[in-house]
Amino acid sequence: MAEAPKNFIERIIEEDLEKSTYGGRVHTRFPPEPNGYLHIGHAKSIVLNFELAKKYGGKCNLRFDDTNPLTEKQEYVDAIKRDVKWLGYEWDEERYASDYFDRLYEFAVTLIKKGLAYVDSLPPEKIKEYRGDWNTPGRESPYRNRSVEENLELFERMRRGEFKEGECVLRAKIDMRSPNMNLRDPILYRIIHAPHYRQGAKWCIYPTYDMAHGQSDAIEGITHSICTLEFEDHRPLYEWLLKAIGLPEPHPKQIEFARLELTYTVLSKRRLIELVEGGYVAGWDDPRMPTLSGMRRRGYPPEAIRRFCREIGVSKVNAVVPLERLEECVRDVLNKTAPRRLAVLRPLRVVIENYPEGQVEWLDALNNPEDPNAGTRKVPFSRVIYIERDDFMEAPPPKFYRLAPGREVRLRYAYFIKCVDVVKDEKGEVVELRCTYDPATKGGKAPDGRKVKATIHWVSAAHAVDAEVRLYDRLFLKEDPTDVPEGVDWKTNVNPNSLEVLYPCKLEPSLAGAKPGERFQFERLGYFCVDPDSTPERLVFNRTVTLKDEWAKLKQKTRGEAA
RNA sequence: UGGGGUGUGGUGUAACGGCAGCACACCGGCCUUUGGAGCCGGCUGUGGAGGUUCGAAUCCUCCCACCCCAGCCA
């Protein structure tokens with residue numbers, strides 16, 4: 001068998017395995033901060049970390065990087081755990097950086113004792129000023145050379161709450177002239193007089209990311225600490241701290257990869273919050289949101305998201321992936337798994353003149369042509385049916401194969417019908433079609449072998465179940481939603497038509513008992529998922545994704561050429 | 001402007017000194033009781049200039065472009 005192509009991270013891991021850098025161990029972690037909901041970008045990291053562990057017989061922890069009590073909440077922890085599980089992963093250990101606060105404090109004391117950290121009493125503005133910039137080396141704080149004893153005492157007083165926020169911080173003593181800003185005496189501990197959602201009022205000093213992350217990795221025995229590209233500059237600090245504290249070797253290895261970007265999507269926490277708080281969407285789980293909870297509600301199967309994350313690969317190149325690619329994965333999975341049903345979204349009444357009044361036939365329909373084991377079901381046929389408005393045109397253009405005056409088409413699983421008359425209202429709008437059917441074509445087969453160009457879907461009017469259907473389109477008008485002229489709000493790129501609600505749509509009766517979360521293909525239309533808002537009295541479906549539509553593409557193309 | 005990183009078809013990724021491959025998209029054909037699915041075929045690429053080498057996407061030099069860094073966020 002041909003070797004599966006390896007990404008650069010797998011290469012590094014295999015080299016470590018070969019050299020036994022970590023005694024043959026592989027231990028990764030997914031380290032979210034519980035201050036927001038997980039989105040498709042996190043999914044890339046989740047899939048990467050968990051599947052790397054699995055592939056090499058290692059472990060993967062779920063670790064909450066909860067070092068900032070101002071923004072973190074248990075609610076987010078719960079949501080994150082739910083989403084990771086939904087995606088299909090089980091962590092080996094559930095850890096919290098906040099559980100390490102005691103040890104982290106001891107690490108800080110160790111650094112002070114080694115003369116590698118000091119309490120700085122410069123106010124925030126001064127610290128910023130002393131840091132310099134890219135072209136100017138920083139200056140050393142006048143407090144940089146306090147004695148170990150003084151630093152120890154000051155740090156202890158910080159812990160006891162004797163200082164106000166901003167009055168002092170603990171800093172690593174590295175190099176104020178370093179071209180890497182992260183090495184200009186980075187802040188390790190700051191004072192925040194706020195209770196922590198897990199630690200309560202125990203602490204009023206909290207470690208920064210740099211102080212907490214690598215040390216947490218080391219505590220947990222993480223071997224490969226995978227993060228995104230923006231932390232590349234932090235790696236020297238990551239390594240410096242591990243060594244300075246004297247954590248046992250081998251130290252975990254930080255590896256950076258490019259985060260996911262998707263067209264027609266924003267993934268920054270800040271922007272996602274703006275969408276929710278600005279009322280552009282109904283909430284974090286709005287089916288238009290790129291959050292995992294939104295996608296779940298939209299009807300995306302977790303398998304599709306996993307597949308997508310594997311397909312896009314891992315590298316260090318900032319890459320924007322077309323949204324269509326995700327949708328293609330969704331279609332792929334649903335095509336194999338979603339039961340087919342007949343549903344008419346925009347009903348047009350059709351009377352079959354030569355079909356006996358009052359007669360009903362229950363016809364056999366395949367549940368899934370892709371899956372022979374899916375079986376069949378019965379759908380009722382009668383004299384009055386609904387078809388899709390789009391499936392009829394009074395003056396059909398070339399290449400339009402569906403119903404038109406005088407034309408014959410097949411009703412899926414039923415009969416051939418021919419349009420003999422068009423009924424309009426006073427405004428000239430088509431309100432009803434009069435058709436005839438050919439009794440010899442029952443089941444959709446013509447014994448004389450004649451062909452029709454199209455097969456359309458339909459629902460018996462007398463048996464139809466009414467439902468609300470929510471049609472979703474991309475949330476933004478532009479591939480890059482943040483692309484706006486100077487001074488213009490990026491949210492002007494929000495698509496005003498990203499949601500269209502249809503009612504009453506007509507469903508075949510077998511859909512009557514559909515439960516929230518159930519997914520179906522409405523034939524010729526797309527995949528649909530029952531929304532949690534759905535009740536037995538009023539069914540609500542979300543359109544997950546449309547089917548590929550050659551006709552729509554053709555229409556668009558000819559329109560483009562005409563323009 | 002200092003530092004760190006990255007450039008392979010339209011898009012995303014392989015090839016790690018030896019035939020530039022794969023997937024998606026796109027185009028064409030076949031098939032079809034979903035204009036779906038499936039099947040077959042096709043197009044398009046190593047950022048640029050030098051150099052080393054029998055041989056360079058790969059090594060060297062210079063240039064160009066893009067991304068990240070000046071939070072007591074992560």
Side-chain angles (χ1 to χ4, degrees), chain A residues 2 4-8 11 31-33 35-36 65-68 70-72 120 123-124 127-129 131-138 165-171 178-184 186-192 205-206 208-210 212-213 227-236 256 258 263 269 311-322 324-325 328-329 331-332 335-336 340 342 365-366 368-370 399-402 409-414 416 441 443-446 451-457 521-526 546-554:
Chain A
K6 292 184 183 74
N7 63 49
F8 77 103
R11 223 178 271 290
E33 186 191 10
N35 69 347
D65 241 344
D66 52 356
T67 57
N68 186 347
L70 266 15
T71 56
E72 297 153 4
D120 194 355
I127 288 185
K128 183 178 163 67
E129 184 188 321
R131 185 151 37 218
D133 59 38
W134 297 327
N135 308 306
T136 329
E165 288 184 17
E167 222 178 319
C168 48
V169 289
L170 184 74
R171 292 231 248 170
S178 171
N180 181 345
M181 301 296 271
N182 292 300
L183 265 20
R184 319 250 262 227
I187 289 165
L188 267 19
Y189 263 93
R190 64 318 196 177
I191 296 168
I192 302 176
I205 58 171
Y206 292 93
T208 56
Y209 165 84
D210 289 305
H213 197 91
C227 62
T228 43
L229 253 25
E230 68 270 27
F231 292 103
E232 232 155 4
D233 284 348
H234 290 244
R235 193 180 344 125
E256 311 86 10
T263 59
K269 207 166 281 180
E311 277 183 8
I312 56 173
V314 180
S315 71
K316 300 190 69 149
V317 184
N318 284 99
V320 185
V321 178
E324 293 77 15
R325 185 120 185 211
E328 197 44 39
C329 292
R331 287 193 190 99
D332 248 14
N335 177 46
K336 299 283 193 300
R340 313 289 131 121
L342 298 180
L366 255 26
N368 188 344
E370 298 291 314
K399 301 267 180 70
F400 181 86
Y401 302 145
R402 285 108 96 150
V409 299
R410 171 168 36 234
L411 294 177
R412 174 138 246 224
Y413 300 124
F416 285 13
T441 57
K445 285 177 280 287
K451 300 258 193 271
V452 287
K453 292 279 270 184
T455 299
I456 65 173
H457 60 276
Q521 184 197 97
F522 291 172
E523 292 215 23
R524 301 209 309 130
L525 296 172
T546 61
L547 251 29
K548 279 198 222 160
D549 189 344
E550 283 290 320
W551 170 242
K553 214 162 74 181
L554 236 174

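Just so we're on the same page: letters track the sequence lines, and every chain starts at 1. Note that these values count all heavy atoms, side chains included, but never hydrogens, waters or copies made by symmetry. Worth saying up front: this structure is predicted, and the values here are computed from it rather than measured.
- Note on Arg331(A): every side-chain N or O is 4.0 Å or more away from OP1 and OP2 of C24(B).
- Going from atom CE of Met181(A) over to atom P of U1(B) covers 16 Å, rounded to whole Å.
- Distances were taken from every side-chain heavy atom of Phe400(A) (C-beta onward) to each of U6(B), U34(B), G35(B); the shortest belongs to G35(B).
- Between the side chain of Ser178(A) and the backbone N or O of Asn180(A) there is at least one donor-acceptor pair closer than 3.5 Å.
- Side-chain atoms of Arg340(A) never come within 3.5 Å of backbone atoms of Glu523(A) as a donor-acceptor pair (strictly under, hydrogens ignored).
- Within 4.0 Å of Pro124(A), counting heavy atoms only, lies at least one base atom of the nucleic acid.
- Within the nucleic acid shown, Val317(A) comes within 4.0 Å of sugar-phosphate atoms alone, with no base atom in reach, counting heavy atoms only.
- Here Asp233(A) lies in heavy-atom contact (under 4.0 Å) with a base.
- Among the protein residues, Tyr206(A) comes within range of no part of the nucleic acid, since none of its heavy atoms lies under 4.0 Å from any strand.
- At a threshold of 4.0 angstrom between heavy atoms, the contacts of Pro369(A) include nucleobase atoms, whether or not backbone atoms are also involved.
- Phosphate contact (OP1/OP2 of C26(B), side-chain N/O of Lys553(A), threshold under 4.0 Å): present.
- Heavy atoms of Asp133(A) sit under 4.0 angstrom from at least one base atom.
- Of the residues near RNA chain B, Ser315(A) and Ile191(A), the one whose nearest nucleotide (by heavy atom distance) lies more toward the 5' end is Ser315(A).
- A gap of 30 Å separates the C1' atoms of G18(B) and G5(B), to the nearest Å.
- Of the side-chain N and O atoms in Arg190(A), one or more sit less than 4.0 angstrom from OP1 or OP2 of C73(B).
- Taking the P atom of each, G36(B) and C31(B) are spaced 15 Å apart, rounded to whole Å.
- The residue Glu370(A) sits close to a base: some heavy atom pair falls under 4.0 Å.
- At a threshold of 4.0 angstrom between heavy atoms, the contacts of Val452(A) with the nucleic acid are absent.
- Annotation: C63(B) and A20(B) have their P atoms spaced 31 Å apart (nearest Å).
- Judged by distance alone, the side chains of Arg524(A) and His457(A) do bring a donor and an acceptor atom under 3.5 Å apart.
- Listed nucleotides: G36(B), U13(B), G35(B). Nearest to the side chain of Ala319(A): U13(B).
- A25(B) atom C1' lies 9 Å from atom NZ of Lys548(A), rounded to whole Å.
- Here the side chain of Asp65(A) pairs no donor or acceptor atom with the backbone of Glu33(A) at under 3.5 angstrom.
- Side-chain atoms of Thr208(A) do not come within 3.5 Å of backbone N or O of Tyr189(A) as any donor-acceptor pair.
- Taking the P atom of each, U58(B) and U6(B) are spaced 15 Å apart, rounded to whole Å.
- For the P atoms, the distance linking A37(B) with C24(B) amounts to 12 Å, nearest Å.
- Side-chain N or O atoms of Thr228(A) include none that pairs as donor or acceptor with a backbone N or O of Ala258(A) at under 3.5 Å.
- Residue Leu411(A) is out of contact with every strand shown, counting any heavy-atom pair closer than 4.0 Å.
- Note on Ile187(A): a base of the nucleic acid sits closer than 4.0 angstrom, heavy atoms only.
- Closest contact between the side chain of Lys399(A) and the listed nucleotides U34(B), C72(B), G35(B) involves G35(B).
- Between Arg131(A) and the phosphate of G71(B), there is a side-chain N or O to OP1/OP2 separation shorter than 4.0 Å.
- Nearest to the side-chain atoms of Arg325(A) among the listed nucleotides A74(B), G4(B), G12(B) stands G12(B).
- Judged by centroid separation below 5.5 Å and plane tilt below 30°, Trp134(A) stacks onto the base of G2(B).
- For Asn135(A), whose side chain is taken as the heavy atoms from C-beta onward, the closest listed nucleotide among A74(B), U1(B), C67(B) is U1(B).
- Between C66(B) and U1(B), the two P atoms lie 12 Å apart (nearest whole Å).
- Here the side chain of Arg410(A) pairs no donor or acceptor atom with the backbone of Val452(A) at under 3.5 angstrom.
- Between Ile127(A) and Asp120(A), the closest side-chain pair of non-hydrogen atoms falls below 4.5 Å.
- In this entry the distance linking CG of Asn35(A) with P of C73(B) reads 12 Å, nearest Å.
- OP1 or OP2 of G71(B) lies within a sub-4.0 Å distance of a side-chain N or O belonging to Lys128(A).
- Within 4.0 Å (heavy atoms only), His213(A) reaches no atom of the nucleic acid at all.
- For the pair Leu554(A) CG and C26(B) P, the computed distance is 13 Å after rounding to whole Å.
- Rounded to a whole Å, the CZ atom of Phe8(A) is 17 Å from the C1' atom of U8(B).
- Here the C1' atom of nucleotide G28(B) and the CD atom of Glu550(A) are 12 Å apart, to the nearest Å.
- By the rule that a glycosidic angle within 90° of 0 means syn, G71(B) counts as syn.
- At U34(B), none of the side-chain N or O atoms of Thr455(A) fall inside 4.0 Å of OP1 or OP2 (strictly under the cut-off).
- Taking atom P on both U8(B) and G71(B), the two are 32 Å apart, rounded to the nearest angstrom.
- Between the P atom of U32(B) and the CZ atom of Arg410(A) lies a distance of 11 Å, rounded to the nearest Å.
- The CD atom of Glu523(A) sits 9 Å away from the P atom of G35(B) (whole-angstrom rounding).
- If you check distances only, the side chain of Arg524(A) never reaches the base of G35(B) with a donor-acceptor pair under 3.5 Å.
- Using modelled atom types, one side-chain atom of Glu72(A) and one backbone atom of Asn68(A) make a donor-acceptor pair closer than 3.5 Å.
- Side-chain atoms of Gln521(A) come within donor-acceptor range of the base of U34(B), with a qualifying N/O pair under 3.5 Å.
- A centroid separation of 6.0 Å or more is found between the aromatic rings of Tyr401(A) and Trp551(A).
- Gly132(A) comes within contact range of the sugar-phosphate backbone alone, with a heavy-atom separation under 4.0 Å but no base atom that close.
- Residue Thr67(A) is in sugar-phosphate contact alone, with no base atom involved, counting any heavy-atom pair closer than 4.0 Å across all strands shown.
- Within 4.0 Å of Tyr413(A), counting heavy atoms only, lies at least one base atom of the nucleic acid.
- Side chain Asn180(A) to base G4(B): no donor-acceptor pair is found below 3.5 Å.
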5'-to-3' dot-bracket of RNA chain B (Watson-Crick, G-U; under 3.5 angstrom; crossing pairs as [ ]; | other strand): .((((((..((((....[..)))).(((((.......)))))....(((((..]....))))))))))).....
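- G50(B) and A56(B) have their C1' atoms separated by 14 Å, given to the nearest Å.
- Exactly one residue among Ile187(A), Leu188(A), Ile191(A) makes a side chain to side chain contact (heavy atoms under 4.5 Å, CB included) with Leu170(A). That residue is Leu188(A).
- A side-chain donor-acceptor contact under 3.5 Å links Lys269(A) and Asn35(A).
- Counting distance only, with no hydrogens placed and no angle test, the side-chain atoms of Glu230(A) and the base atoms of G5(B) include no donor-acceptor pair under 3.5 Å.
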